[in-house]
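All values below come from the heavy atoms of this structure, side chains included, with hydrogens, waters and symmetry mates left out. In this text, all values refer to a predicted model and were calculated from it rather than measured experimentally.
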Amino acid sequence: MAIPQQRRVLVVEDDATIARAVQLRLVAEGFDVRVAADGEEALAAYARAEPDVVVLDRLLPGLDGLEVCRRIQAARPVPVLMLTALGEETDVLVGLGVGADDYITKPFSMRELIARIHALLRRVERASLLAHEDSVIRVGDVEIDIAERRVFVRGAEAQLTRTEFDLLRRLAERPGQVFEREQLLSDIWGFSEAAATRTVDSHVRALRRKLGSEVVRTVHGVGYALVRS
């Protein structure tokens, strides 16, 4: 029987206490963990380790987390979970805009962190399987190429993160249907907790910025639906 390959995680965090706590928990969960304390060290460690997931602090000495994320995604796209102590929506959207797949706000529970990492890895695996699907979904002005994971709006390509693509694809499977936030959390992130629904809201806002404000409709108190036309 083949031995499952150990997943590698790069943790980039300048707070030594937090970094050590995250490292110990991830090792206990069976991950191979590398740690970096600043932006330059993170880029060097990324090149050496070729991690499957990067846990990246938003605020770092030297190169900040946004610039590190940009350079990582330009070199070799990889799932990035951004840690942020900033509660402002703008900072979250900027992080998603430079290629972060998900974010978690400090202080966070280790249980939630592990759940987010596993969800990212599952999405990568699903994307690999779906890459064999030869299909295109068209909803209004939006065209979604499933195999190539590319999205076009009126012929112009929109650059979506892995999470944004998966969220859009889920909504596009049933145009017009209203998906509850908790359902989307379960389908895309792999867990469903009412306290985490802001994650869905942030990614919907990021989609609207890239695809147009009228593409995804809000049903107040319930969730979201993709507009048919």
Ignoring hydrogens and angles, write down the donor-acceptor pairs under 3.5 Å from the side chains of residues 22-29, residues two or more places apart or on other chains.
from, atom 1, to, atom 2, distance (Å)
Gln23, OE1, Arg20, NH1, 3.1
Arg25, NE, Glu29, OE2, 3.3

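With salt bridges taken as basic N to acidic carboxylate O contacts below 4.0 Å, one links Glu164 and Lys210. Note on Arg7 versus Asp32: no salt bridge recorded, every NZ/NE/NH1/NH2 to OD/OE distance being 4.0 Å or above. In this structure, Arg70 does not pair ionically with Asp64, as no charged nitrogen and carboxylate oxygen lie closer than 4.0 Å.
Residues Tyr224 and His203 place their aromatic rings such that the two centres sit no closer than 6.0 Å.
Here the NZ-CD distance, from Lys106 to Glu13, works out to 3.5 Å after rounding to the nearest 0.5 Å. Note that CZ of Arg123 and CG of Asp187 are 11.5 Å apart. Values are rounded to the nearest 0.5 Å. To the nearest 0.5 Å, atom OG1 of residue Thr84 and atom OH of residue Tyr103 are 9.0 Å apart. Interatomic distance, CZ of Arg169 versus CD1 of Ile137, reported as 5.5 Å (0.5 Å rounding). Residue Asp15 holds its CG atom at 8.5 Å from CG of Asp57, rounded to the nearest 0.5 Å. Once rounded to the nearest 0.5 Å, the distance linking CG of Asp52 with CD of Gln6 reads 10.0 Å.
Scanning both residues, Ala158 and Leu211, for their nearest heavy atoms gives CB-CD2, 3.7 Å. Taking each heavy atom of Gly99 and Val80 in turn, the nearest pair found is O-CB, 4.5 Å. Across Val35 and Ala19, no two heavy atoms sit closer than the pair CG1-CB, 4.1 Å. In terms of heavy atoms, Cys69 sits closest to Met82 at CB-CE, 4.2 Å. Among all heavy-atom pairs drawn from Leu60 and Asp14, the shortest one is CD2-N, 4.0 Å. The two residues Ala147 and Asp145 make their nearest non-hydrogen contact at N-OD1, 3.2 Å.
When hydrophobic clusters are built by joining Ile, Leu, Val, Met, Phe, Trp and Tyr residues whose side-chain heavy atoms come closer than 4.5 Å, directly or via intermediates, Ile114 is grouped together with Val53. Cluster membership for Leu66 and Leu63, using ILVMFWY side-chain heavy atoms within less than 4.5 angstrom, is shared. A continuous path of hydrophobic side-chain contacts links Leu184 to Val151 [ILVMFWY only; heavy atoms under 4.5 Å]. Taken together through direct or relayed side-chain contacts under 4.5 Å among Ile, Leu, Val, Met, Phe, Trp and Tyr, Phe179 and Ile144 form part of one hydrophobic cluster. A single hydrophobic cluster is not seen to contain both Leu83 and Leu43; linkage of ILVMFWY side chains at heavy-atom distances under 4.5 Å, directly or through other members, places them apart.
Between Val55 and Val12 the shortest side-chain heavy-atom distance does not fall below 4.5 Å. Proximity of Val9 to Pro51: side-chain heavy atoms (C-beta onward) are nowhere separated by under 4.5 Å. At least one side-chain heavy atom of Pro79 sits under 4.5 Å from a side-chain heavy atom of Val124. Between Arg116 and Thr199, the closest side-chain pair of non-hydrogen atoms falls below 4.5 Å. Counting heavy atoms from C-beta outward, Thr161 and Gln73 have side chains that stay 4.5 Å or more apart.
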- Message: Applying salt bridge (charged side-chain N to carboxylate O under 4.0 Å, His left out) to Arg150 and Glu157, what does each step give before you reach the verdict?
- Response: CA-CA 7 Å; Arg150 300 173 71 186; Glu157 185 168 6; 2.8 Å; yes
- Query: How far apart are the C-alpha atoms of Tyr46 and Arg34, what are their side-chain angles, what is the distance that settles it, and do they pass the side chain to side chain contact (heavy atoms under 4.5 Å, CB included) test?
  - Reply: CA-CA 9 Å; Tyr46 179 77; Arg34 311 297 168 88; over 6 Å; no
- Task: Test side chain to side chain contact (heavy atoms under 4.5 Å, CB included) on Val136 and Glu143 and set out the steps.
- Result: CA-CA 7 Å; Val136 174; Glu143 179 179 300; 3.4 Å; yes
- Might you work through the side chain to side chain contact (heavy atoms under 4.5 Å, CB included) test for Leu81 and Leu120, ending with a clear yes or no? CA-CA 8 Å; Leu81 174 62; Leu120 281 174; 4.0 Å; yes
- Task: Begin with the C-alpha distance, continue with both residues' side-chain angles, and end with the deciding distance and a verdict on side chain to side chain contact (heavy atoms under 4.5 Å, CB included) for Leu226 and Val215.
- Result: CA-CA 6 Å; Leu226 196 68; Val215 171; 3.5 Å; yes
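With hydrogens and angles ignored, the 3.5 Å screen pairs a side-chain donor or acceptor of Ser202 with a backbone N or O of Arg198.
The number of heavy-atom neighbours closer than 6.0 Å to CZ of Arg208, taken from other residues, nucleotides and ligands shown, is above 12.
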